[in-house]
Number of protein chains: 2
Amino acid sequence: MTTIRDVAEHAGVGLATVSRVLNQSPLVSEGTRQRVLDVIRDLNYTPHAAARRLSLGKTLIIKVFVPFFPRPSVTERLAGAVSLLSQSEYDLVIHNIDTPERRATCFEHLPTSKEVDGVLIISLSPLDHEAENLVHADIPIVLIDADHPALARLHRVTTDDVEGGRRAAEYLIQLGHRRIGFIGDTINNPFHFVSSRDRFLGYQQALAAARLPVRSEYYAEGEHGRREARDLARPMLSLAERPTAIVAASDTQAVGVLEAARELGLRVPENLSVIGYDDIEVADMMGLTTMRQMLYEFGQRGVELLLETLDSPDRPPVHEIMPTELVVRHTTAPPGI
Amino acid sequence: MTTIRDVAEHAGVGLATVSRVLNQSPLVSEGTRQRVLDVIRDLNYTPHAAARRLSLGKTLIIKVFVPFFPRPSVTERLAGAVSLLSQSEYDLVIHNIDTPERRATCFEHLPTSKEVDGVLIISLSPLDHEAENLVHADIPIVLIDADHPALARLHRVTTDDVEGGRRAAEYLIQLGHRRIGFIGDTINNPFHFVSSRDRFLGYQQALAAARLPVRSEYYAEGEHGRREARDLARPMLSLAERPTAIVAASDTQAVGVLEAARELGLRVPENLSVIGYDDIEVADMMGLTTMRQMLYEFGQRGVELLLETLDSPDRPPVHEIMPTELVVRHTTAPPGI
DNA sequence: AGAAACCCTGGAAACGGTTCCAATCGGGGG
DNA sequence: CCCCCGATTGGAACCGTTTCCAGGGTTTCT
C-alpha cells in the first residue's frame, strides 16, 4: 500500500509538504506542488481515510435516523439530504428505525463525537426524557419533521401539522361537506409519531370553527398502511349516515380509503371526497387531492443547517417551518345529493 | 475525551486487557473482565471509531452506488441491503448516481481498500473498459441487477430480463392479443441501462414464436418516467390500427400508459391491456398486472454475498439469478371486440 | 522438586495521516 | 556586510486503537 511517506520519498520532499499539497495549503511553492502532484498521479496514491479521520479528529460521517425506510414520505426527505451531502466531504450513513426497540436504543445511546460528526433525525420526535439526552449530546443534531419543547437549542425543520389538518378539513367544509371523517395512525403508537394526532387536532379545529360536531364514529385510527386504512374506512363508509368526505392522515392511507370506496361501490368524488397528506408520487398518479409538504426540500434544508453548524458551531439555533400547500386534484368535489 | 487509557488506569489494568474486553477476547479472566466493564460503564466510555478502523486496517464501511435514488425500484433494493447491513458492524454509505458524469467517475475511480471495505453496485452495468476496472479492484464488489460478461470473477445477483419481457408478452398473446406495443427507455441512454432493451428483446422473441410481426410503430422509447411514457403512448394509441395491449418496461411507465389511455377515453382492460414490470407498490395500488421482481430480496442477497466475501475472500464467485413472477391484476384481459 | 505447559497480563510498536515548531534559504534594508 | 523577515520546508509528536511478544504466576506431570 502506498502511503504519504512513499510519495514524500519519491518526490524528495518531507511528509508535511505532501500533506500540505493534499490539503491545498497555500504554503507550498508552485514547483514542489507540481512535483508532488506528479508523483501522486504516478504512484496512484489515495489517502487513507481512517488515518485521516483519526488525525483530523473528525469522523467525516453524518448519521441519519429514519423510520420505516423506504416509506415514500421519509425516503423523499432522505433523498433531499443525500443530494446536498454528496457535494460535501461528509459520508451519510443510514440508520433505519423499524422497531420500537431500535427507536429507544437510538435516543438512549446517541452517537458521540467519536463515532460521527453530526446526526440528522427524520420524523422521530423524542419523549421528554429522551429530549434531555439530545440537549446534552456532544455533537450537532438537526431534527427534520420532529420537535420537542425542550429542544429550543437545536436546529429544527418542522411543519405545522395542525394547520395542515385544519386546512384540509376547511377545504372540504368550504366545498359544502358537513359529515367529514378522519382516518389516521393510532395516536398512542409505539414510535410516538405525532403528525397524525396533530392533523386530527387541526381537523377538529376546523369542524369546531364551522360549528360542526366531531363525531366519534367518524374517527378511526389504526396502524399506518394502506390495507389498515382500507379496513378502517370500510365500516365508516357503511354507516347509515356515512361521511361524504374523509381526511386521511397520509396519502398512503388515502389510497386505502379509495380502495374501500371502490369496494363499496362509492364513486369518488361524486359520492365521496378524499383528501390525503404529503403529496408523494402516488398522489399525483392517482389524482389524489392532498396537502403537499415539500419533502425533498425538507431534507435539503436540514442538511444545510447541519453543515452550517459543523462549520461554525456557535451559530444560534434555527427553527424553520416548511410551508404546506393544498393540491387539488380529482378526489374532492362538493357533496353529491 | 475518555480513552482506552483512562479506562485501563481506573481499572488498574493494561491497555491490552481493556482492548481484549472490548473485543470479547476469551483471554481475560472473569474477574478483570467485570472490573473493566464496570469502569467502562462508570466513565461512559465509547471507543473511537476512526482509531479503531485505522488500527484494524478495516474501514468498516460499505459503499453502495444507486442510480436515481429515490426511484422506487432501486430504493426497494436498497432497503433490502440496509436491513441486512444493520445487523452487521458495517456502515452503509449511499452514493447516488443521477448524472452520466457521476456514473463515469464512479467506474473510473473506484474506491480503494483505504476508503471502504466493499462496494455494492445496484442497477448499473459497466461498459467494456469499465469492467476492466472492476475486475482489478482491490476490494470485493457485488453487482445487484447489473452484469457484464467480463465479470465472471465477481458476485452478481441478476434477473433474466429477456425472459421477463418474453413472459409478459406471452401472457398477452395467450390472452388473445395480436397487436401488442412496447414502451420503454431509450436503448442508447447515457447511463447504459440495459434492462429495458433486454425486456424488449424478450418481447420480440415472444412475438416471433407466435409468428406475430414486430411492427416499428408499436415500439416507442424515451426517457424513463411516467410523463414521458404517457407522451409516447398517446400517438401509439391514436393509430388507426392501435395496439390492443402494451408491455411497459416498468411499472412507472405502465402508469403513464394508463394515463394516456384515460385521456383518450380507452377503458382498461376492456379496450386496452397494460402490463408493467417490477411490482413496486403503486402497481398494487393501481391494480396493475406486472412482472414481479423480488426487489427487497435482491438487495438482501447482494449484501449477504458481500458479507460472506468480506469474511472469506477466496470463496468462489456466485452468480445468482432471482426469479420473476407474473402478477395478474386488473389491467389485462382478452382483447375487446 | 524441577520442568513444561498453560493462562493471563502489560508494554510497546504499529496503523497513516496532520500539524506544531524549528530550521533553512533568499532577499531587502540599515 | 550583517541582521531580520517572510516564504518554504522537514522532523517529530500526536491522534486512540489493536496486537505481537515477552513475562510472571499457577498448575500438572514426571
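Everything quoted here is computed from the prediction, not taken from an experiment. So you know, we letter chains A, B, ... as the sequences are listed, proteins then strands, and number each from 1.
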(Q) Classify the ring geometry of B:F191 against B:F68: parallel below 30°, tilted from 30° to 60°, perpendicular beyond 60°. (A)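 Plane angle over 60°, so perpendicular.
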Q. Does any N or O donor sit under 3.5 Å from an N or O acceptor when you compare the side chain of B:R20 with the base of C:dG10?
A.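 In this structure, the two groups form a donor-acceptor pair.
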(Q) Could you check whether the side chain of B:T3 and the base of D:dG16 have a donor-acceptor pair of N or O atoms closer than 3.5 Å, going by distance alone? (A)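 No, the side chain and the base share no sub-3.5 Å donor-acceptor pair.
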Between atom [atom1] in [X] and atom [atom2] in [N], what is the gap in whole Å?
X: A:R52; N: D:dT17; atom1: CZ; atom2: C1'; value: 20 Å
X: A:R5; N: D:dA13; atom1: CZ; atom2: P; value: 13 Å
X: B:L15; N: D:dC21; atom1: CG; atom2: C1'; value: 15 Å
X: B:N23; N: D:dT17; atom1: CG; atom2: P; value: 11 Å
X: A:E9; N: C:dG16; atom1: CD; atom2: P; value: 14 Å
X: B:K58; N: D:dT17; atom1: NZ; atom2: P; value: 18 Å
X: A:H48; N: D:dT17; atom1: NE2; atom2: C1'; value: 13 Å
X: B:L56; N: D:dC20; atom1: CG; atom2: P; value: 12 Å

(Q) So which atom in A:R315 and which in A:E308 form the shortest heavy-atom distance, rounded to 0.1 Å? (A)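 That would be NH1-OE1, 3.4 Å.
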By the 4.0 Å heavy-atom rule, please label [X] as base, sugar-phosphate, or nothing.
X: B:S29; answer: sugar-phosphate
X: B:R53; answer: nothing
X: A:L27; answer: base
X: B:G31; answer: nothing

Q: Assign each of B:T17 and B:M1 to its nearest nucleotide of DNA chain D by heavy atoms, then name whichever residue's nucleotide is nearer the 5' end.
A: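 Result of the comparison: B:M1.
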If you only use heavy atoms from C-beta on, which nucleotide in [options] is closest to the side chain of [X]?
X: A:I4; options: D:dT17, C:dT18, C:dT19; answer: C:dT18
X: A:A51; options: C:dA12, C:dG17, D:dG16; answer: C:dG17
X: B:L54; options: D:dG16, C:dG17, D:dT18; answer: D:dG16

Q. Think B:S55 has a side-chain N or O under 4.0 angstrom from the OP1 or OP2 of D:dT17?
A.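 No.
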Q.
With a 4.0 Å cutoff (strictly under), does any side-chain N or O of B:Y45 reach OP1 or OP2 of D:dT17?
A.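 Answer yes for this pair, as a side-chain N or O of B:Y45 is under 4.0 Å from OP1 or OP2.
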Q) Roughly how far, to the nearest 0.5 Å, is the NE2 atom of B:H48 from the CZ atom of A:R53? A)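 If I round to the nearest 0.5 Å, the distance is 11.0 Å.
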Q.
Once rounded to the nearest 0.5 Å, what's the spacing between atom CG of A:L78 and atom CD1 of A:I94?
A.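 The distance works out to 4.5 Å.
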Q) Is any side-chain N of the basic residue among A:D147 and A:R156 closer than 4.0 Å to the acidic one's carboxylate O? A)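 Between A:R156 and A:D147 there is a salt bridge, with a charged N closer than 4.0 Å to a carboxylate O.
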